[in-house]
Amino acid sequence: MNFAYITIKVIDSIEGICAFGCCYCGYGEDCKVGGHYAVYGPNSPINVDTIPDVTKDEKVMFTAEQAGKKLGDQLRSAAYSREKTTQEVMEVLQKMHQQE
């Protein structure tokens, strides 16, 4: 996916396992190509026990909380400049396009 038209500065990253789209798409247990099938195999039911839930992962939730605090601190900082941040992101995007 190309987000070149959106100027977003990445503050932090969080890794966790979320629910596959298969859990909600409507094909779910009958699908033979989705993530649920790949992880749990054929004939595996989709239920509360097999749907990953990041809200139950204390490490992920703590990391997300810290990332939110980091973002809040940056936005409240007297040194924060929306214009400067946009310019930084645009420079990164320009370099990415030059490498293509």
Any chance CD of Glu91 has more than 12 other-residue heavy atoms, nucleotides or ligands included, within less than 6.0 Å? yes
When you look at Val92 and Glu88, which way does the side chain to side chain contact (heavy atoms under 4.5 Å, CB included) test go after all the steps? CA-CA 6 Å; Val92 169; Glu88 290 172 0; 5.8 Å; no
Counting only heavy atoms not in Asn43 (residues, nucleotides, ligands), do more than 12 fall under 6.0 Å from its CG? no
Quick check: is Tyr40 connected to Tyr37 through a chain of hydrophobic side chains (ILVMFWY, heavy atoms under 4.5 Å apart)? no
Got a list of side-chain donor-acceptor pairs under 3.5 Å for residues 61-70, not counting sequence neighbours?
residue, atom, partner, partner atom, Å
Thr63, OG1, Lys59, O, 2.8
Glu65, OE2, Lys69, NZ, 3.3
Lys70, NZ, Ile11, O, 3.4

Euclidean distance, Lys95 NZ relative to His97 NE2, rounded to 0.5 Å: 13.5 Å
Let me confirm one number: the CG-CG distance from Asp12 to Leu71, rounded to the nearest 0.5 Å. 9.5 Å
In terms of heavy-atom contacts, Gly41 and Ser44 come closest through O-CB, 3.5 Å
Shared hydrophobic cluster, Met90 / Met96 (ILVMFWY, side-chain heavy atoms < 4.5 Å): yes
